[in-house]
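This chain uses plain numbering: 1 for the first residue, then up along the sequence.
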Amino acid sequence: MRRSLTRSAAAAAVLALVASLFGPAPASANENRPPDRPDTASLTARGEACSTDRTNPTLLNSTELTLAGVFSDPDPAATGVSQQVKAEFEWGPEDSGEPWGRAESAYITQSPGAAPPRRSVTARDLPEKTLIGYRARAHDTRTAGEWSAYCWIEISTAEPASPPSVTSEDYPNDNRFHGAPGKPGAFTFDGNGVDTAVAYDYGLQGVCETRVEPETPGGPVTVFITPRRDGPNALYARSVDAYGNSSGCGLVHTFGVAPPADPVAHFPLDEGEGDASADAMVDDRVATAVGGIDWTRGRAGVHEGGTEYRLAGTAVSTANGALRTEAPVVDTDGTFTVSAWLRLDDTGDDAVALSQDGEAVSGFRLGYDADEKAWYFDAPTADDPAAAHTRVLSADPVRSGAWTQLIGVHDADTGELGLYVDGSHQGAAEHDEA
C-alpha cells in the first residue's frame, strides 16, 4: 500500500531537518541559566587569599572582615542581554552545620563582554581562636548558583606581650662610644619570651620599617645595622605574630657611635694654579700633575628641587691628565673610606675619580663606567693582573653636568665594599681578598 505524508507531518520533517542542519536554537532572553559557581581563587577575607585547607587556615587579626569575590552569570554572553548579579556569603563553624551568619551584596549589572563584577560583604562579631569556614554563591534575581568550596580562617586579636630583646657586641649598651657612622654592626634580636613572634620589625630613631624573620617563632636572628650619625643612637623594634598582631614599636636598645676619625689625607684643590695640590692633613704631601691639567671653577650649581648651592674655590679638570702622590695614601688591606666630588660632562667615556696604584694593579678605583652608565667602586681580590675584581654599581641615574659626591667604603671586618652617591647608599658586595 502506498502511503503519503500529511501536511503536518511534512512540516515536522522539515523542522527536524532544519534543526539537524543548524543545531539547537539560541537561548532566548527569557531563558534563565543559574549563575556560575564562584572560584575560590577569587575569594578573599580582608584582602587575604582563600585557603581551602582547613589544617592551614588564613590567619587574621580582626573580628570584622570584608569578604569578597568575583561573581558571574552565563546569560549575558549567551543572550547578549545584561544581567543583575549579587553575592551571597555565609560563614560558620568547622562542622559546616548551621551558619553563624549570612550577608548579601547589592545587585550589580553584568554586561555582555564585560569582566564579571567583584562584590563584597561585611562579616561582624566573628569568634576568636576558632576555625571558621566561609563560602559564597551568586544570585541573578531568579536563581541562585552553586555554593563555592569552603575557605578557612582563624582569628586572634591578642597582641604580643613585649617587643624583642636586642644585644650587640659591635654596638653594646655600655655608655661608651663604638664604631663610626657608616660602619655596620651585628645586632641579635630574640623573642623576649614571646614564642609566637614570627617576625621583628625594627629601625633607628623611632621607626620600625624593616622586617626580619627568625627561623623558628620567638627565636633569635642576627642582622647588620648601619648607624648614620654619631653620638647616642636608639633602636626601636616590635614583635609580630602569625595573625599580624604586633607589640607596638618600642625602644629596645641604645648605643653610642663614635665620631668619624680625621681623614688621613684631604686635597681641597684650592690652589687654582700650578701643577700640584697640597694635602691639608700632611704638610709635606703633595699631588703632582701627570699630563696636562686645567684649573676651573669649583663646586657650584643647583640641587634637585631648585635649591642653589655654592662653594667658593677651584677644581681640577683632568680630561688630559691626573694628580698623583709619590707614595700610597690608603692602607687597602684595612678598613678605609675614599670620597670625591666630581662633575662629569661627558657620559660617553669611562672616568676614574680616585685610585691607588699597587705593585701590579690599582688597589681600588672610584669612578664612572660608560658601558654600565653607572658610578662604581672597584677593588681586586689580590695585587695581581689575573685577580678577580669586586665591583659595586650605582642604582641611581648618573646626571651629567652636575656636581656629585662619590664615597667608596671597604669594611675589613665584614669583608664588604659599599658605594654611596650624594649620601645615598647604592649597594654593597662581598669582597674576598686572597
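- A donor-acceptor contact under 3.5 angstrom links the side chains of S72 and D36, judged on distance only.
- To the nearest 0.5 angstrom, R285 atom CZ is 6.0 Å from F267 atom CZ.
- Checking side-chain atoms of T296 against main-chain N and O of D294 turns up no donor-acceptor pair under 3.5 Å.
- Counting heavy atoms from C-beta outward, Q84 and D140 have side chains that stay 4.5 Å or more apart.
- Taking the six-membered ring for Trp and the full ring otherwise, the centers of Y200 and F187 sit at least 6.0 Å from each other.
- S148 contributes no side-chain N or O that, together with a main-chain N or O of T40, makes up a donor-acceptor pair within less than 3.5 Å.
- Taking each heavy atom of R119 and Y107 in turn, the nearest pair found is NH2-O, 4.4 Å.
- The backbone N or O of S165 lies less than 3.5 Å from no partner atom in the side chain of D190, so there is not a single donor-acceptor pair.
- Taking 4.5 Å as the limit, every side-chain heavy atom of D201 sits out of range of all side-chain heavy atoms of S246.
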Enumerate, atom names and distances included, each donor-acceptor pair closer than 3.5 Å involving a side-chain atom of residues 318-334, sequence neighbours excluded.
| from | atom 1 | to | atom 2 | distance (Å) |
| --- | --- | --- | --- | --- |
| T325 | OG1 | A327 | O | 2.8 |
| D331 | OD1 | D333 | N | 3.1 |

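- Not one N or O on the side chain of T347 forms a donor-acceptor pair closer than 3.5 Å with the backbone of S400.
- Applying the side chain to side chain donor-acceptor pair (under 3.5 Å) criterion to E128, with sequence neighbours excluded, gives T157.
- Counting all heavy atoms, side chain and backbone alike, A149 lies closest to R135 at O-CB, 3.9 Å.
- The cationic group of R299 lies under 6.0 Å from the six-membered ring centre of W341 and within 45° of the ring axis, placing it in a cation-pi geometry.
- To the nearest 0.5 Å, atom NE2 of residue H389 and atom CZ of residue R365 are 6.5 Å apart.
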- [ ] List the steps, then state whether side chain to side chain contact (heavy atoms under 4.5 Å, CB included) holds for F336 with V264.
- [x] CA-CA 10 Å; F336 68 89; V264 297; over 6 Å; no

Open item on the list: Quick one, T222 with V212, criterion side chain to side chain contact (heavy atoms under 4.5 Å, CB included). Give me CA distance, side-chain angles, the key distance, then yes/no.
Closed with: CA-CA 9 Å; T222 299; V212 63; over 6 Å; no

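- Looking at every heavy atom in both residues, L406 comes nearest to G367 through CD1-O, 4.1 Å.
- Side-chain contact between S156 and N245: present, with at least one pair of heavy atoms (C-beta onward) separated by less than 4.5 Å.
- Closest approach of A382 to V361, counting heavy atoms only: O-CG2, 3.9 Å.
- Side-chain contact check for P184 versus T414: some heavy-atom pair is nearer than 4.5 Å.
- Defined by atom type and a distance below 3.5 Å, a donor-acceptor pair is missing between the side-chain atoms of T79 and R33.
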- [ ] Walk me through it: do V166 and Y236 pass the test side chain to side chain contact (heavy atoms under 4.5 Å, CB included)?
- [x] CA-CA 10 Å; V166 175; Y236 286 72; over 6 Å; no

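- Using a 4.0 Å cut-off between a side-chain N of Lys or Arg and a carboxylate O of Asp or Glu, R137 and E146 do not qualify as a salt bridge.
- The salt bridge (charged side-chain N to carboxylate O under 4.0 Å, His left out) test applied to D241 returns no partner, not counting sequence neighbours.
- A salt bridge is defined here as a Lys NZ or Arg NE, NH1 or NH2 lying under 4.0 Å from an Asp or Glu carboxylate O, and D422 with R399 meets this definition.
- Of the inter-residue distances, the one linking T188 atom OG1 with H253 atom NE2 reads 10.0 Å to the nearest 0.5 angstrom.
- When all heavy atoms of R238 and P164 are compared, the closest pair comes out as C-CD, 3.6 Å.
- Inter-residue side-chain proximity for S339 and I407 is flagged as met; some heavy-atom pair is nearer than 4.5 Å.
- Taken to the nearest 0.5 Å, the CG atom of L419 stands 9.5 Å off from the OG atom of S424.
- In this pair, F364 and F377 present their aromatic rings tilted. The plane angle is within the 30 to 60° band.
- A donor and an acceptor atom, one from each side chain of D170 and S168, are nowhere located under 3.5 Å apart.
- Summarising the geometry, atom CD1 belonging to I108 is positioned 11.5 Å from atom CZ belonging to F71; distances are rounded to the nearest 0.5 Å.
- F89 and W91 have their aromatic ring centers separated by at least 6.0 angstrom.
- Using a 4.5 Å cut-off on side-chain heavy atoms (C-beta onward), H410 and H431 make contact.
- Of the candidates N61, L65, L59, L131, L65 is the only one forming a side chain to side chain contact (heavy atoms under 4.5 Å, CB included) with I155.
- With T58 contributing its side chain and A49 its backbone, the two residues share a donor-acceptor pair below 3.5 Å.
- Rounded to the nearest 0.5 angstrom, D371 CG and D350 CG are separated by 6.0 Å.
- Judged purely by distance below 3.5 Å, without hydrogens or angles, the side chains of Y243 and E154 pair a donor atom with an acceptor atom.
- I225 has its side chain within reach of Y202: a pair of non-hydrogen atoms, C-beta onward, lies under 4.5 Å apart.
- Side chain of N233 to backbone of R229: a donor-acceptor contact under 3.5 angstrom is found.
- Residue D283 places its CG atom among 12 or fewer non-hydrogen atoms of other residues, nucleotides or ligands, all under 6.0 Å distant.
- Between the side chains of S162 and S247, no donor-acceptor pair of N or O atoms lies under 3.5 Å.
- Between the side chain of E271 and the backbone N or O of A278 there is at least one donor-acceptor pair closer than 3.5 Å.
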Task: Full working for side chain to side chain donor-acceptor pair (under 3.5 Å) between D53 and T55 - done: CA-CA 5 Å; D53 181 1; T55 66; 2.6 Å; yes

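- Side chain of E372 to main chain of L393: no donor-acceptor pair is present (N/O by atom type, distance under 3.5 Å, no hydrogens or angles).
- Looking only at distances, no side-chain donor or acceptor of N175 sits under 3.5 Å from a matching main-chain atom of N173.
- Looking only at atom types and distance, the side chain of H178 has a donor-acceptor partner in the side chain of D174 under 3.5 Å away.
- Ring orientation note: the planes of Y368 and W375 are nearly perpendicular, at an angle over 60° on the 30°/60° scale.
- Between A412 and T335, the shortest heavy-atom contact is N-OG1, 3.0 Å.
- Judged by distance alone, the side chain of R37 and the main-chain N or O of W147 form a donor-acceptor pair under 3.5 Å.
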Open item on the list: Is there a side chain to side chain contact (heavy atoms under 4.5 Å, CB included) between T122 and E64? Walk through the geometry before answering.
Closed with: CA-CA 7 Å; T122 301; E64 181 175 308; 3.7 Å; yes

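- Side-chain contact check for L43 versus L67: every heavy-atom pair is 4.5 Å or farther apart.
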